Student: 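Please find one structure pasted underneath; my questions will follow.
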Amino acid sequence: MKIKKIIPWTAFVPWNHNRSALLGLITENIRFLYSKTGIWDKQLTPETRLEIEKHWKPIVQLYDEEQSKLSESPLKDSKEKFYALSMFPYPSGNLHLGHVRVYTISDIMSRYHRSQGKIVIHPMGWDAFGLPAENAAMERGIPPKEWTYSNIKRMKQQLKDLGFSFDWNRELATCDPSYYRWTQFIFLKMFEAGLAFQKKGLVNWDPVDMTVLAHEQIDEHGCSWRSGAKVEKKYLTQWFLRDTSFSESLLKGLDEVDANLWKDIITIQKNWISECNGHRIDFKLKSEAKDCADFPLTVYTEDLDLVYGVSHLCIKPSHYLCVDFNRNQVDDVLPVQAIHPLTGEYLKIVVTKEDQMYKNREVKLAIPCISEEDREVADRLNISYTNVLDGTNTVHATELCGLNRKDALEVVRKKLVTLGAGGEKISEQLHDWLISRQRYWGTPIPIIHCGQCGSVPVPYEDLPVTLPDTSQLILKAGQSVLAEDEKWINVPCPKCGSAAKRETDTMDTFVDSTWYFLRYLDPHNTNLPFDPDRVKQFMPVDLYVGGKEHALLHLYYARFVSHFFHSIGLLEHKEPFKNLISQGMVKGESYRVKATGKYIPADQVDFSGKSPVEMGTKEKLIVEFEKMSKSKHNGVNPEEVVAEYGIDSTRLCILSNVSPQSERNWSNSVYKGVISWQCRVWGLVTRVREESKADQTKSDQYISELDLKNWEYKINETRNHIVHQVTIQFEKLFCINAAISRLQSYVSWLMQVPASVSSRSEAFERAVADLVIMISPMAPHFASELWVGLSDVAQHNSHQWENSVLQQAWPKIDDDFLVPLTFKVNNVAVADIGVQYSRFGQLDKEAALELVLKDSLFCEKFSNYHIQSCTLSKFSTFKAEIRLNIPDYEFPIEATSVSEEKKMQKKLSKEKRKLYDIEKK
């Protein structure tokens, strides 16, 4: 059915109270656009590309705002959800290309899933506390709050200028009291559960930033991850979160995530946690000495079932108790005793050689019945002990008598958990999370120290404990500047009312970022961090996108807090993130003088010869791609490249050629290929427009009905294949570069279709329209203009032409489209056999084998041989593989080793008969 209509671009502007102002804004100074002039420019000039974006940006932004509101509408209860999360940035004041890459990925995935009819959550916020802001503020003599919020304002505008579809109604900043009130709430919940605690120990001290660092924040050279300073060791009383209590849960949780996407991140996390082969047990201390801190000793043991046979505790000479009491010689007995949590018995604490201890632990149980060394020490120091093991059963151990070791362990474990004295399965390697920081710009720890009551939690109704305004940020070793504010620090004890003092340490900023993705889902809740029912609807996160540098610490801590929320009934799922993309770093080209190692900017390089040299001196240069930095003069300002090339070209450029997980060597030369492809797409739409007006009665436009029908079949087949391939990349593999590559091949194929076909073919019009729809998530402004050009000359009812391209449904695959079933013989891929797309879900081994037995290539080569066995594998990417074992058939493989044989099999597999090969069509 032929349609003749002209749809003005204004039809694509949503009707609301801002529409009139919007139309006035976007019709100024537009010279080249069909949307404005009704004249289609056949050439996509640089001016046209930039004018397209200027014109469509406010329209696209308005559409994005309307789409974001759907997550709060009744539709959210009836539609499938997709939660796209990108790691929120530290507000440094300027975006870099790494930001552009990560947010482009999440934006593309959000737009794709909207076109699939889903309710999409795509929020943005600010990881706003921390040392960089405080240091920058000190350098400039301004408060950190002022510095931070001015940077947020600037970066928010930069993000809007780049056309990202963030839901700004969910915006949050971790430095805002309305946010960190709930970070403090979470801390108090952990305090109640015994998971937030103080202890004294040897800590890592950064002498430049004047604060404590967690073990995880020190590089392999023993230097601070931020300042680069050599880390020193100090004994300080600090706050910790007992993440080790969830070690086993966190380790098992890694079996629930998609190994194809998490890949090496699973290994990184597992190596960090390590195998959970032991248990935790806490011993309170008893001493008359005034300088003995009242912190329990946490002990790791792999023999929890023999706890009734403990004679004493072994302690390393480096432990703070040995330092405090000046007792660090082997066999020294400390003037402090440990109280057995099950018997109440007082146990001696003995200084022990480090090589007799667990490598990563400072205290160990001495159990003479299984350790010759422990028995010798006990005998030498006249310490009594009980033998609690007889073969494989426990004896002389109260309620454990007669139990085997496994059953005895379970009894002890449950008893310790009930007493709050341990029992959790932990690893020897993993330590509790040190969260104290001796700096101002962070979340205050909501604890009040009273001389009579000890550490008292701030009442929930008194939260948030807000930071006082301060004009002076003077660092003092081991102490926060908050300790200098007498008005802020001195408060009455919430329990007894006597004079007390606030805790002056602030929390590590990693604490703030452990739960922000949950607050996004309920950002205005004033009663709870989030409503469990509300969060249940949108969790887990469907896709989390962020830099590889956060694949360990941030990801681990966020998982820990989610497991904690699950344990107290606030979260249904333990694991917060379903799919993960750890994007690679964007590197810039640097120029370093070979003789001196000095970095020079590109404008001081002479490129006239075979190899670049320094201008003036002609010194040879080392040219390589490195992490972008000011000192290397290889940074790229996103605003500058966008101003020159445009938003959509930059989005396509930063995601083409390499996968999101790979490092991106940035060069403006990549724009050449991207823009050339955009021009070809523009030319394709231009061709459709011109052919719609052509005289089809001319001889050069004649084609027989049979030939047209054959071409229609080819076009539909190719369209289905490309839609399938691109959909798989967006839906399952997240390799946007591969999707772009498929679309580039698709454009080349469509351009080869004869004019006599394309001018009359409904399939061709549908194919070009679907091309534009598939481009739209990656280049929404460009695609919007292309769509207006197509909709004006549309001849058929294949699409909802009256709606914008962003409102179009994602292209569907026809039910009779064939997806590949690869059959292998003796590990060599022979051929792809077509299986109808609509029947793929029902494909089983018997049906697959039946298809293979009917295949002409199988009948020709293998029908006379006996099939000993066959196995079928089906993949989420709509591919299947059936492997036939035919012992009597031999491929021409001559190999002297198994590895060589596998290489030959792989080589032969490349010759398989393919179901589709668009390059050859």
Side-chain angles (χ1 to χ4, degrees), residues 89-104 130-133 135-136 138-140 147 151 154-155 158 162 206-209 217-231 546-550 582-645 650 653-658 660-673:
Y90 158 68
S92 61
N94 288 291
L95 294 177
H96 54 67
L97 281 177
H99 290 128
V100 176
R101 192 182 195 195
V102 66
Y103 302 140
T104 300
L131 288 174
N135 290 343
M138 283 194 296
E139 290 171 6
R140 291 161 176 81
W147 166 257
N151 287 347
R154 172 170 169 73
M155 291 179 70
Q158 288 179 317
L162 286 165
D206 184 328
V208 172
D209 281 333
Q217 294 168 332
I218 302 169
D219 66 20
E220 65 272 19
H221 306 296
C223 296
S224 166
W225 72 318
R226 285 202 185 276
S227 71
K230 195 73 176 177
V231 172
K548 282 185 178 178
E549 66 273 20
H550 299 301
S582 293
Q583 63 134 14
M585 185 182 297
V586 181
K587 293 183 173 183
E589 196 167 30
S590 66
Y591 306 94
R592 189 167 79 250
V593 179
K594 189 174 183 180
T596 64
K598 176 186 174 183
Y599 286 93
I600 62 173
D603 59 10
Q604 294 180 19
V605 178
D606 181 356
F607 295 97
S608 61
K610 290 183 178 180
S611 300
V613 295
E614 184 179 18
M615 201 176 289
T617 67
K618 303 302 179 184
E619 287 280 353
K620 291 183 178 180
L621 299 175
I622 297 174
V623 183
E624 57 188 342
F625 284 93
E626 299 182 88
K627 182 178 179 179
M628 292 184 180
S629 70
K630 291 181 181 178
S631 62
K632 295 175 182 176
H633 306 286
N634 67 338
V636 177
N637 185 343
E639 291 178 311
E640 292 178 359
V641 292
V642 167
E644 182 176 356
Y645 299 103
T650 299
C653 186
I654 206 165
L655 293 177
S656 61
N657 299 338
V658 298
Q661 294 89 343
S662 302
E663 291 182 342
R664 164 101 256 184
N665 291 336
W666 182 262
S667 171
N668 287 1
S669 62
V670 181
Y671 277 104
K672 183 178 180 181

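Keep in mind that this is a model prediction, so the values were computed, not measured.
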Student: Locate the shortest heavy-atom distance separating Val231 from Cys223; write the atom from each residue and the value.
Tutor: CG2-C, 3.9 Å

Student: Any side-chain to backbone donor/acceptor pair from Asn634 onto Gly588? Under 3.5 Å, distance only.
Tutor: yes

Student: Within the 4.5 Å heavy-atom criterion, are Ser631 and Tyr599 side-chain neighbours or not?
Tutor: no

Student: Distance check, rounded to the nearest 0.5 Å: Glu619 atom CD versus Lys598 atom NZ?
Tutor: 11.0 Å

Student: Do Ser656 and Arg664 have side chains that get closer than 4.5 Å, going by heavy atoms?
Tutor: yes

Student: Should Asp606 and Lys618 be marked as a side chain to side chain contact (heavy atoms under 4.5 Å, CB included) after you check the CA-CA gap, both sets of side-chain angles, and the distance that decides it?
Tutor: CA-CA 8 Å; Asp606 181 356; Lys618 303 302 179 184; 2.6 Å; yes

Student: Is there a donor-acceptor contact under 3.5 Å from the side chain of Arg592 to the main chain of Glu624?
Tutor: no

Student: Mind listing the closest non-hydrogen atom pair of Met615 and Val605 along with its distance?
Tutor: CE-O, 3.4 Å

Student: With sequence neighbours excluded, tell me which residues meet side chain to side chain contact (heavy atoms under 4.5 Å, CB included) with Glu589.
Tutor: Tyr591, Val623, Phe625

Student: Starting at CE of Met628, measure out to NE2 of His96 and round the result to the nearest 0.5 Å.
Tutor: 9.5 Å

Student: Hey, is the main chain of His221 close enough, under 3.5 Å, to the side chain of Lys230 for a donor-acceptor pair?
Tutor: yes

Student: Any chance you could measure Leu621, atom CG, to Ile600, atom CD1, to the nearest 0.5 Å?
Tutor: 4.5 Å

Student: Measure from the side-chain N and O atoms of Arg154 to the backbone N and O of Gly93, and report whether any donor-acceptor pair falls under 3.5 Å.
Tutor: yes

Student: Measure the OG1-CG distance between Thr650 and Leu162 for me, rounded to the nearest 0.5 Å.
Tutor: 8.0 Å

Student: Are any side-chain N or O atoms of Gln158 and backbone N or O atoms of Leu95, one a donor and one an acceptor, separated by less than 3.5 Å?
Tutor: yes

Student: So, for Pro612 and Phe607, which heavy atoms are closest and what is the spacing to 0.1 Å?
Tutor: CB-CD2, 4.0 Å

Student: Specify the closest pair of heavy atoms between Trp147 and Ser92, including all atoms of both residues, with the distance to one decimal.
Tutor: CZ2-O, 4.1 Å

Student: For the residue pair Trp666 and Tyr671, does the interplanar ring angle fall in the parallel (under 30°), tilted (30 to 60°) or perpendicular (over 60°) class?
Tutor: perpendicular

Student: Output, in order, the C-alpha distance, side-chain angles, deciding distance and verdict of side chain to side chain contact (heavy atoms under 4.5 Å, CB included) for Thr104 and Arg101.
Tutor: CA-CA 5 Å; Thr104 300; Arg101 192 182 195 195; 5.9 Å; no

